[in-house]
Amino acid sequence: MFKKISKKIKSLFKKDKENAGIKWSLYGRVWREIGKPHWKWLLAGVICTILAASAEGFTITLVQKIVDKTFFEKNMESIYFFAVQIIGAFGVKGVFSYAKSLTMAKAGLMAHAGLQKRIYNHIVKMNISKFYGDGIGKNLNYFTVQANAVKILVTDTIINVVQNTATLIITLSLMIWYAPQMCAVLIFLVPAIMIPMALIMRKKRKLSRKSFGIANNVSQHLNQTLHGIKTIQAFATEETETKKFERVLNDSVVNSYKNTQAGSIQSPLLEQMISIGLALALVVGGHFIVSGVISTGDFVAFLLALTAAYKPAKGITGTGNTVQHGLLAAEVLFDFLDSKPDIFDAPNAKELTSDNMSVEFSNVSFEYNSGEPVLKNINLNVPAGKVCALVGPSGGGKTTLFNLLERFYEPQKGKVLINGIDIKKYTLNSLRRNIAEVSQDVFLFNGTIADNIKYGAPNATREQIEAAARAANAHDFIMGFPKKYNNNVGERGSLLSGGQKQRIAIARAILKNSPILLLDEATSALDSESEKLIQSALTDLMRGRTTFVIAHRLSTITDADMICVIKDGSIVESGTNKELIELDGEYKKLLDIQFKKDKK
């Protein structure tokens, strides 16, 4: 009979569906990578926990002695001694409980910080395609939801398991010591508790897995709303977005409620089993006392131990849920941390360290989505120190060329070369360090103007920062702020105008002083007067540097050494401004269209 019950219990843990199973071996990895570095603090916490549990168990033995020796033997002198011992036992328990809290908090904080640092380090090295493909909300949850669940698995779970297990072992040992006959009667409660608990844990496991996906959706939608609040209000879609978010939240509410339904039944079920055991203990214990099998003190100690066993037994069932949730979080988190970027340094990659750099695109083809080519057989050779302008209709692939040059993406066909060497043979860090970019979508960090200007040159002096700002025609408006260069730019530069942000970005590129310069509509947000001043600064900046310029205002690139017209992913024309006008092709059409617009 007991073999059948044992097999049934084991089957409940093993027969998980694919969407509810847990890789229990993950706990070993969690311990090795996250818990083990802080083992001294964890061990100290475990020792303090065991000592605190022992002190609690000692109080039960004191009660048995008080009942038998003091009340029944009428020995009132001993009660004072027992009273002092009870005070001492609870004092010891309090001291070690306090020490446990401090040591586990220390271990938890260090483990959590270490894990978050590891996640952050992985995020900043991820491929851009994966970062935007997965969504920012999902990546934020790695840092918050999953990291916190794994931290709890390492600290709170360990201490709760140790504390509850130690207390349970002590109380069960006392029950067996004082009344083994009664323990034999109550043994049937074990399968009666374990079978329904195992079923509930399976249900909660499935719901916990689903909760991570729902949390990603909530974070993603909220993040999108915060970044797009201006667009939402401009299009008056507040109600529409609110309804979308309500649907996402409703999924969270439904899943959380189901989780609560499954979890809430555990406590009353356990209490019911304990009450049955307590009732049986009273009935059976009464008979044993009358027949002289056990003493009254033994019976009272047994009852105290039985009731004391309830709290740790309940805690262990709750810990089981926490372990499941933590292991599922660890599974998701380790899948993320184990993912390898597609773009990385070659084994023998070398530093890019030349002052003069030529750039070549050799038969390059690229597509973001399979079957949808963005660039087709691009062949372009720009000698060192020359300026190449890229013009053509939007969506032709001009910005994609920048992305390939900086190795944010890899071409499916062909090579990108600097000084005749495939850029894959250079280290990513040195490659990007030698390229400065100013795009039409300027990103500024929440910090001071000075910090943003020197972002690419962190050791720059204040004089160098101001010189770059003057060259970018930014110094005058900066000096108009209350704190001047120490003025905060706000989230994504929200406290600056579009033109001001663009000039800060240009100053940043000037200070970085890289041999290769990428200008993607760098003057698009400027008025005509500022554009003339900036164009002069950019002309000085481009001198001696290999420069690529994407421009829709063709008047800004007439002096370029070469102009390439890119249409539908191909270079359809190339030459100087004069040569392309004489060709009377696509470039001439773009020039005529713009001339008509300017005339109007």
Side-chain angles (χ1 to χ4, degrees), residues 355 357 385 387-389 399 402 405-406 408 429 431-553 555-557 559-560:
D355 293 332
M357 300 185 183
V387 178
C388 175
T399 301
F402 285 12
L405 180 56
E406 294 182 89
F408 292 136
N429 187 275
L431 171 69
R432 292 169 181 169
R433 196 170 57 242
N434 282 282
I435 300 174
E437 180 179 3
V438 180
S439 67
Q440 55 188 328
D441 182 21
V442 174
F443 183 93
L444 297 183
F445 294 90
N446 189 5
T448 67
I449 292 174
D451 287 340
N452 274 279
I453 292 176
K454 69 174 186 177
Y455 188 73
N459 297 321
T461 64
R462 178 52 65 94
E463 290 74 18
Q464 291 172 322
I465 293 171
E466 291 186 10
R470 284 192 177 92
N473 193 33
H475 179 74
D476 290 343
F477 82 77
I478 292 173
M479 296 304 291
F481 290 121
K483 296 183 179 179
K484 300 178 174 55
Y485 282 85
N486 292 324
N487 219 69
N488 196 287
V489 303
E491 190 77 23
R492 296 176 64 92
S494 60
L495 300 181
L496 303 179
S497 69
Q500 288 172 335
K501 288 196 294 184
Q502 202 101 30
R503 280 177 275 180
I504 294 296
I506 292 171
R508 182 166 60 188
I510 291 171
L511 191 57
K512 189 179 180 184
N513 196 28
S514 299
I516 298 175
L517 183 63
L518 308 179
L519 304 175
D520 186 355
E521 293 289 340
T523 60
S524 62
L526 303 176
D527 54 67
S528 298
E529 183 179 351
S530 294
E531 183 180 12
K532 290 179 182 178
L533 294 171
I534 288 295
Q535 204 60 48
S536 175
L538 289 176
T539 300
D540 293 336
L541 175 64
M542 290 186 289
R543 191 171 292 116
R545 289 181 170 81
T546 307
T547 306
F548 289 84
V549 182
I550 296 175
H552 286 104
R553 295 184 190 178
S555 59
T556 63
I557 48 94
D559 293 331

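Numbers here simply count residues along the sequence, with the first being 1.
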### Lys483: partners by side-chain contact (heavy atoms from CB on, under 4.5 Å), with sequence neighbours left out
Asn486, Asn487
#### Entry: For Asn429, all residues meeting side-chain hydrogen bond (donor to acceptor under 3.5 Å, both in side chains), sequence neighbours excluded
Arg433
### Task
Name all residues meeting the side-chain contact (heavy atoms from CB on, under 4.5 Å) criterion together with Ala551; count only those two or more places apart in sequence or in a different chain, and write none if there are none.
Val549, Thr556, Ile557
### Query
With side chains defined as the heavy atoms from C-beta onward, is the minimum distance between Val489 and Ile504 less than 4.5 Å?
no
### Message
So, using salt bridge (Lys or Arg N to Asp or Glu O under 4.0 Å) as the criterion, who are the partners of Glu466 when residues are at least two apart?
### Response
Arg470
### Query
Nearest heavy-atom pair of Gln464 and Leu511: which atoms, and what distance?
O-CD1, 3.7 Å
### Query
Does the side chain of Ile453 come within less than 4.5 Å of Ile478's, by heavy atoms?
yes
#### Entry: Heavy-atom closest contact (Ile510 atom, Ala468 atom, distance)
CD1-O, 3.9 Å
### Query
How many angstroms lie between CG in Leu519 and CZ in Phe402, if you round to the nearest 0.5 Å?
7.0 Å
### Query
For the atom pair OG1 (Thr461) and NZ (Lys454), what is the distance rounded to the nearest 0.5 Å?
9.5 Å
#### Entry: Residue pair Leu431 / Leu405: nearest heavy atoms and the distance that separates them
CD2-O, 3.8 Å
### Query
Does the side chain of Glu437 reach to within under 4.5 Å of the side chain of Phe548, using non-hydrogen atoms?
no
### Query
Is it true that a side-chain atom of Arg508 and a backbone atom of Gly456 form a donor plus acceptor pair closer than 3.5 Å?
no
## Note on the structure
Residues passing the side-chain hydrogen bond (donor to acceptor under 3.5 Å, both in side chains) test with Thr399, sequence neighbours excluded, are Asp520
### Query
Looking only at heavy atoms, what is the nearest atom pair of Ala389 and Ala560, with distance?
CB-CB, 4.0 Å
### Message
Can you give me the closest heavy-atom contact between Ala474 and Arg503, atom names plus distance?
### Response
CB-CB, 4.0 Å
### Query
How would you list, by chain and number, every residue that makes a side-chain hydrogen bond (donor to acceptor under 3.5 Å, both in side chains) with Ser494, sequence neighbours excluded?
none
#### Entry: salt bridge (Lys or Arg N to Asp or Glu O under 4.0 Å) involving Arg462 - partner list, sequence neighbours excluded
none
#### Entry: ring-ring contact (aromatic ring centres under 6.0 Å, His included): pairs with one or both residues in residues 454-475, sequence neighbours excluded
Phe445-Tyr455, His475-Tyr485
#### Entry: Which atom of Ile449 lies closest to which atom of Lys484, heavy atoms considered
CD1-O, 3.7 Å
### Task
Test side-chain contact (heavy atoms from CB on, under 4.5 Å) on Phe481 and Leu496 and set out the steps.
CA-CA 11 Å; Phe481 290 121; Leu496 303 179; 3.5 Å; yes
## Note on the structure
Partner of Asn488 under side-chain contact (heavy atoms from CB on, under 4.5 Å), picked from Asp451, Asn452, Asn446, is Asn446
### Task
Please list, chain by chain and in numerical order, all residues satisfying side-chain contact (heavy atoms from CB on, under 4.5 Å) with Ser497, sequence neighbours excluded.
Gln500
### Query
Considering residues at least two apart in sequence or located in another chain, which fulfil the side-chain hydrogen bond (donor to acceptor under 3.5 Å, both in side chains) criterion with Asn434?
none
### Query
Quick one: side-chain contact (heavy atoms from CB on, under 4.5 Å) partners of Ala436, sequence neighbours excluded?
Ala509, Lys512, Ser514, Leu517
### Task
Mark yes or no for whether Gln502, through its side chain, and Ser439, through its backbone, hold a donor-acceptor pair below 3.5 Å.
yes
